[in-house]
Q: 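Here it is: the structure, laid out below.
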Amino acid sequence: MESFQETSGESRSDNGEGRYGDFFDSPGNGQRTREHTRRAMRAAGLGWFSVGLGAAELLAPRAVGRLIGARNDASSRKALRMLGLRELTSGILILTQKKPAPALWSRVVGDLMDLALLGTAGRRSSRPTRLLAATAAVVGVTVVDAMTALDVSRHADSDHEDGALERSVSVNKALTINRPASEVYAFWRDFTNLPSFMSHVARVDVNGAHSRWQARGPAGVELSWEAELTEDRPNELIAWKSLPDALLENQGSVQFLDAPGGRGTEIHVQIRFELPLGLTGFTLGKLFSGIPEQKLENDLRRLKQILETGTVVRSDASIHAGPHPAQASSKVSKGSKKTKTANRGALP
Amino acid sequence: MKANCWLGKHEVSVQTVPDPKILNPRDAILRVTSTAICGSDLHLYNGFVPGMEKGDILGHEFMGEVVEVGPGVRNLRVGDRVVVPFPIACGNCVSCGRGMFSLCENSNPNAWMAEKLWGHSPAGLFGYTHLLGGYAGGQAEYVRVPFADVGPLKVPPELTDEQVLFLSDIFPTGYMGAEMCNIKPGDVIAVWGAGPVGLFAMASARLLGAERVIAIDRVPDRLRRALDKAGATDAIDYEHVDVHEALAELTGGRGPDACIDAVGMEAQGHGPMYVVDRTKQAMMIETDRPIALRQAIRECANGGVVSVIGVYGGFIDSFPMGAVVNRSLTIRSGQCHVQRYLQPLLERIQRGEIDPSFVITHTLPLDQAAKGYDMFLNQRDVCEKVVLKAA
C-alpha cells in the first residue's frame, strides 16, 4: 500500500510539470523524467534571464547602453527599448508555452540580431572595449541558447504529454461516504453492484475470483474483459486486475478508511489503464466520452447517493444526455435503468 | 401543464410543458397553489448567473397540495398542504445531519459543474441553474419535489398561503441573516437593501432583540415599509444622504455592531468604484459588483459581524480585506438552511409575532409571470413582492 499512498499524494500537487509524474513509474521512466526536468529548468532559467534583461532594456535603456558601451543618443535608446520588448516577449513565451522550443529558437534569432547590431555599433562607439566585452558575452549566450533550443527540440516528442512515454493512465479519487466501512466494502465487494454507479460499466458477471466486465463504449460499442481479484481485505481493501489478454488492460484498488469525526468512510480509488499502442489518454477519454478523473468522481458520487439516500439522485435535466432544459421529459419513462433503485433493501 | 420558462436575458414566458413525473422513490408531486418571484430570480432574469438553459422552469418559492408520492415517502399523503424549502436536501449526509441543509452532499447531480466554479458543490436548488442541479422550479402548475420526506412542511389550514409561502425562502433567509449577527442586547444592526429579504432580516433582528435596526435603500416606499412594517428604527436613503455620516451619527461614531448585506451581486451605488465595477461586469472580467458589501465592511463597528445573505455568484474585485483583518471583523454567509428554520418560524407566525404577508404588493395569475418579472425589476408601480397564483 505504500506505493499507492505515495502516488495519491503526488497527484494532489497538480502543477503542469508534475501532472503526469505519477503516470511514469518504471525505473527507466524515472531517469527520463529527471532529464526532462533538467531540460525544463534550463529553459526556464533562460526564460527568466530574458524577462530580466528585457525589463532592464525597456525601463532603463540609458544605463544598459552605458554598460555595453553603446552611444547615448535617442535612436540607441529607442533601439534598446525595442530589443527589450523582444526579450520580454521571448521570456514570457519560454516560461508559459507548453512547448517552449520555438520560443527558445526566437532567443537564438534575437542573439544573432544583437550581434549584428553590436557589429554596426562598433564602428561608431566611443567605448570600444566595453562593446567588445558585450559582444563576447552575447556570443556566449548565443551558444547556450542554441544548445538548449536544440536539446529541447530534440526531446520535444518524448517530453510531450501525448508522446511515447505515456503508456498508462492512472486515475485517483477519494470521497467520503456517511456509512460504516463494512457496508461500503460489502456493496463494492459484490461486483454486480458496480454498474449501478459506474457509468461506463454495463454489466459485471462474477465467477469466483474471476469476473467478466462489459463496458459501454461510444456509439454502443461494447468492450469486455476478464478480471481477477488480486487482494481482498474485508472492510479495508479490494484490488483487481484484468487478465493478460484484455484489450484494455487495467487494474484498480479501493481502500476503505474510517473518516475522522464519525463521518463515515473515506474511499480512495485508484484505477490504472495500460494503453495499447497508438491509444493515448486523450483517446481513452474519448472512448469513455469524458475525462477519466471526472468520470470516476461522478461514479463515486453516485455510489455515495446510493449508499446514503438509497438511490441515484436524478434531476429533471440530469436524466438526459447533454444539455436539456430543466423540465420533465416528454417521453414516457419505461422504468429504465435511470430510475432503477439500487438493491439495498429498505430506504432510510 | 403551464410553467414559467426562462428563455434568455429579460425573457420569460409561460409555456405548456410536460407534467412532472416521479423520478426517485422519495419524490412527491405538488399541485402548486402559490409561488413567488424572488429577488434572486432577477439575477437569472438579468442573465448574471451562469448555467441556465433555454426552457428552464423558474421558481424556488412555492407551496401547494400533494397529488402524488413515491414509495419512499411515508410522512406525506395525497391532499396534504405543504410549503417547500428552496434547497433540496437528502437528510442522510453529514451536512444534513449537522443542519447545513443547503450544503447537502447528494442533491446536486451536477456537482462537478459547481465544483469547477466554487471548489466544492453545495446542495441542488429548485429552478436555479444547471450548476445547482437542473431541477425544474415551482413557477408552474405542478412541480416534482425530491426528498419529499425531508423538506416539505405541512401547514395548518387556519393560515393562508400568503402567511406561510415565504417560509420557502425569504423569511428564513432574512432570519438566518439576523441570527448570524449574534445579536446581543443593545446591538445596532444595519441592513443594506430593503427588498423582501432585507425586510425579513430587519424584522428578524428585532425578534432577536436588536436595539436599533437601520434600513439602507434608495426606494422611498421600501424604506417606508421597513419603518412601518419591518420594525426598522431608522432609514437611510443613500440617494440623498451620505451613508457613512448617517451611520456615524446614528451609532455615536462606533458603526453598526453588525451589518447585513441583503443586496448581492447587482448592487447600485455611486462614485468611481461603482462605475469601475459596472464596467468590469459588463466586460465580464468581474462577475459580481460588491458595492453594498464593501460599504457594509467599511461601516461595520470594530469586532463586528458582516452577514452576507445577498446572492453572489462568482468573483468580486477590490475586497477590503485590510478592514476585515485589522478591525477583527467576522464575515458570515450561506444560502439559508431553510429546513432548520421551518418549524420554529411557523410557530412564530402561529403565535402572531410576525405576519410575513406584509411584503406582498402584487398578486398575479401565473399566466402573467412575465409582467411580474418586468414590474419587479423595473419598479413599475411600487413593487416589493409579487405572488403568482397557479391555481
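This is a predicted model, so every value here is computed, not measured. Note on naming: letters A, B, ... go to the chains in the order of the sequence lines (proteins, then strands), and numbering restarts at 1 for each one.
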Q: Does B/M100 CE have over 12 foreign heavy atoms under 6.0 Å away?
A: no
Q: So do A/N178 and B/N92 actually touch side chain to side chain, heavy atoms under 4.5 Å?
A: no
Q: Calculate, to the nearest 0.5 Å, the distance between atoms OG and CG belonging to A/S329 and B/L23 respectively.
A: 9.0 Å
Q: Measure across B/Y135 and A/R314 and return the closest heavy-atom pair with its distance rounded to 0.1 Å.
A: CE2-O, 3.8 Å
Q: Go through the atoms of B/E105 and report whether side chain, backbone, both or neither lie under 4.5 Å from a heavy atom of chain A.
A: both
Q: So which residue, A/A328, A/A326, A/G261, ends up with the most heavy-atom pairs under 4.5 Å with chain B?
A: A/A326
Q: Between A/Q327 and chain B, which part of the residue has a heavy atom less than 4.5 Å away: side chain, backbone, both or neither?
A: both
Q: How long is the span from the OG atom in A/S315 to the CG atom in B/N108, to the nearest 0.5 Å?
A: 8.0 Å
Q: Kindly compute the distance separating CZ (A/R263) from OG (B/S95), expressed to the nearest 0.5 Å.
A: 10.0 Å
Q: Are a donor atom and an acceptor atom from the side chains of A/Q305 and B/N106 found within less than 3.5 Å of each other?
A: no
Q: With a sphere of 6.0 Å drawn around CH2 of A/W188, does it hold more than 12 non-hydrogen atoms of other residues, nucleotides or ligands?
A: yes
Q: Write down the atom of A/P325, the atom of B/K54, and the distance for their closest heavy-atom approach.
A: CB-O, 3.3 Å
Q: With rounding to the nearest 0.5 angstrom, report the CH2 to NZ distance, B/W112 to A/K295.
A: 10.0 Å
Q: Could you work out, with ring-ring contact (aromatic ring centres under 6.0 Å, His included) as the rule, every residue matching A/H324, not counting sequence neighbours?
A: A/H320
Q: Looking only at non-hydrogen atoms, find the nearest pair between A/V313 and B/F147 and report the distance.
A: CG2-CZ, 3.6 Å
Q: Where does B/D27 contact chain A at under 4.5 Å (heavy atoms): side chain, backbone, both or neither?
A: neither
Q: My understanding is that only residues two or more places apart in sequence, or in another chain, count here; which of them pass salt bridge (Lys or Arg N to Asp or Glu O under 4.0 Å) with B/K116?
A: none
